[in-house]
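These notes are about the structure you will find just below.
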Amino acid sequence: MLQGKALSLEQLRERTSEKWREYPADVLPLFVAETDFPLAPAVTRALERAVRTGDTGYVASRTPLAEAFADFALRRYGWHADPARMRSTADVSMGIVELLRRVTAPGDRVIVTPPVYPPFFDLVEEAGAVVERVPLRDAGHGWELDLDRIRTALENGARAVLLCNPHNPTGTVHTAASLAQLADLAAAHAAAVISDEIHAPLAQPDAGFIPFLAVSDAAREIGYAVVSASKAFNLAGLKCALMVTAADEPARLLRRLPIEVEWRTGQFGMLAAVAAFSRESDSWLDGLLTTLDENRRLLADLLTEQLPAARFRIPDAGYLAWIDLTALGWGDNPSKRILREARVALHFGPAFGAEGAGHVRLNFGTSPEIITEAIARIAALGDA
Ligand SMILES: Cc1ncc(COP(=O)(O)O)c(C=O)c1O
């Protein structure tokens, strides 16, 4: 089994997921956050066993999932997480909504930090709360949380922060110092922090990723993390995520969630996640990180050579590239022209918030050949 090498375009076109069905076959799809790699062998074995034995019923009340994640967190992040303080649900989005519903009252304001994963705006609303935008700050060398403006928003009554760590779309791994300050600010205002850590397994080893709940006692007292194997191991369709807490009060809130929230966990998702988080999958994940490291550098080189007006910072984590094409003069939403004329599907920058004007998000969780072809097609458009 090739470790970390993407499938060919011909193999990929046999897939029927969103990435491969949204656009016609002449379009290279680099939009939605699915990857083009074969499954980790341990995941394949777990799913094959389930199919062979018809193990397709409801997910059990007691599963090895929380233990598997706690082991993974210790091996990969050096974090001692307590399996007794976790509960599963169908996906990260659902975990966020269920938690927001409990830590806010209808109409409360929730801080989100655009440019950010577009459904965050909808998830806050789905929970009955209201979005308070505090954009990331461009600090020159990278993006960071704007802690001054977050403090002001909390002083003015915001009740929760929806954190993205690592951040989608910029791939920023927030520093331990900024997360600790965020925790202190939230604790001082009795606000909650919900940390979406879906991209965490894809933080590059030198990026200094730290789970929010590992940062400080203050973080543990007011914090909730929502985690999943789904981005790193491409399991989004199988529906499984974990809500994680690390102190008594948040754990109590988690226990009070209706049992139905847990019942929505997918059985295949749980089985696949246990295999993904197991020690057996560590070398596969290391291989993937190496491939993504090569891909992010390849993309940077291609942009420098062929689209020098593009502004791109190599992300610390994940397989998403946030590219500023403003200087090309292709308008607020350059993805439109790129789709129409270059036949490459990228995610629309403005969907990530007003800060995304002139930007595109490109998924480089694929082969070097597809990345190279995509940039060549876009560069061939020339200037506006
Ligand atoms: C930051 C972030 N959160 C949540 C999700 C969606 O996760 P799920 O499918 O588990 O709801 C994504 C998907 O790309 C994401 O990037």
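A salt bridge does not link E34 with K231: none of the charged nitrogens is closer than 4.0 Å to a carboxylate oxygen. With respect to the salt-bridge test (charged N to carboxylate O, under 4.0 angstrom), the residues R102 and E98 qualify.
No donor-acceptor pair closer than 3.5 Å links the side chain of R76 to the backbone N or O of D71. Distance alone, capped at 3.5 Å, places no donor-acceptor pair between the R149 side chain and the R137 backbone. With S178 contributing its side chain and H174 its backbone, the two residues share no donor-acceptor pair below 3.5 Å. Side chain of T89 to main chain of A241: no donor-acceptor pair is present (N/O by atom type, distance under 3.5 Å, no hydrogens or angles). Although no hydrogens or angles enter the test, the distance criterion places no donor-acceptor pair under 3.5 Å between the side chain of R13 and the main chain of W20. Checking side-chain atoms of N295 against main-chain N and O of T366 turns up a donor-acceptor pair under 3.5 Å. Under a 3.5 Å cut-off, the side chain of T265 and the backbone N or O of C240 do not form any donor-acceptor pair.
Hydrophobic cluster membership differs between L163 and L99, with clusters built from Ile, Leu, Val, Met, Phe, Trp and Tyr side chains linked at under 4.5 angstrom.
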Item to check | Check against side chain to side chain contact (heavy atoms under 4.5 Å, CB included), L302 and L307 | outcome: CA-CA 7 Å; L302 293 170; L307 272 172; over 6 Å; no
Checklist entry - Yes or no on side chain to side chain contact (heavy atoms under 4.5 Å, CB included) for L7 and F37, after CA distance, side-chain angles and deciding distance? => result CA-CA 6 Å; L7 300 177; F37 305 103; over 6 Å; no
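Note that R311 lies outside the cation-pi zone of W322, set by a 6.0 Å cut-off to the ring centre and a 45° limit from the axis.
With respect to W79, the side chain to side chain contact (heavy atoms under 4.5 Å, CB included) criterion is satisfied by exactly one of V244, V215, L74, I210: V244.
Using a 4.5 Å cut-off on side-chain heavy atoms (C-beta onward), R296 and Q204 make contact.
Using bins of under 30°, 30° to 60° and over 60° for the plane-to-plane angle, the ring pair Y77/F72 lands in the perpendicular bin.
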